[in-house]
Amino acid sequence: MKNIAILVYSTHHGNTRKLVDAIAMGQDDIDVFDITKEKPEDLSQYAVVGIASGIYAGHFGKPLVNYVKTHLCEGQRVFVLYTCGMPRAGYTNEIKSIVEESRCVYTGEYGCKGHNTFGPFKLFGGTGKGHPDAAEIQGAIDFFVGLKFKRMKVK
Ligand SMILES: Cc1cc2nc3c(=O)[nH]c(=O)nc-3n(C[C@H](O)[C@H](O)[C@H](O)COP(=O)(O)O)c2cc1C
């Protein structure tokens with residue numbers, strides 16, 4: 001039985017997936033679910049749930065949002081990861097509300113820039129090329145380690 005599930009929706013460039021993979025690498029206590037491919041029916045075995053997404057029109061990926069609305073279990077500790085074109089406050093508000101409504105504990109969030117070639121941005125090679133970069137990925141690992149859910153090796 002594993003302790004931590006990370007649910008990821010990362011359809012644009014796999015930017016958010018990079019953060020998740022760095023956190024989960026070599027960790028035998030973490031299950032990662034790409035929600036575009038696999039939606040576990042029951043998350044109740046997990047004490048901790050990570051919710052990870054790119055930002056699309058100001059929101060976390062809709063399929064992920066809809067999934068967590070109906071699958072979080074009371075008492076679970078939840079952390080959030082995201083990448084976006086333009087960092088600003090508020091991207092996590094909807095998820096925070098769902099976590100509270102589900103009577104879970106919101107333990108923290110980490111967000112950083114991600115390469116964005118959506119719409120007109122692609123004409124110029126996009127914004128945030130090269131992001132998340134090594135420092136941002138390390139930032140995600142440090143954030144996770146700081147939550148102290150488990151001991152893990154730090155690169
Ligand atoms: C359809 C679409 C809408 C987007 N809307 C926003 C937005 O509202 N705000 C923002 O900061 N970035 C926006 N972006 C940029 C993405 O959040 C950014 O590229 C992110 O790193 C994508 O993550 P992913 O590669 O994990 O899917 C948008 C990208 C796409 C494709």
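Note that these values count all heavy atoms, side chains included, but never hydrogens, waters or copies made by symmetry. We count ligands from 1, going down the list as the structure has it; atoms in each ligand are counted the same way. Residue numbers run from 1 in the order of the sequence given.
Applying the side-chain hydrogen bond (donor to acceptor under 3.5 Å, both in side chains) test between His131 and each of His115, Lys18, Lys113, Glu136 identifies Glu136 as the sole match. In summary, of the residues considered (Val20, Leu81, Ile30), a side chain to side chain contact (heavy atoms under 4.5 Å, CB included) with Phe144 occurs for Ile30 alone. Partner of Lys2 under the salt bridge (Lys or Arg N to Asp or Glu O under 4.0 Å) criterion, chosen from Asp28, Asp31, Asp29: Asp31.
Near ligand 1, residues Ser10, Thr11, His12, His13, Gly14, Asn15, Thr16, Gly54, Ile55, Tyr56, Ala57, Gly58, Thr83, Cys84, Gly85, Met86, Tyr91, Gly114, His115, Asn116, Phe118 come within 4.0 angstrom through at least one heavy atom.
A donor and an acceptor atom, one from each side chain of Thr16 and Thr83, are located under 3.5 Å apart.
Remark: side-chain polar atoms of His12 are paired, donor with acceptor, to backbone N or O of Thr117 under 3.5 angstrom. A donor-acceptor pair under 3.5 Å is absent between the side-chain atoms of Thr127 and the main chain of Gly85, judged by distance alone.
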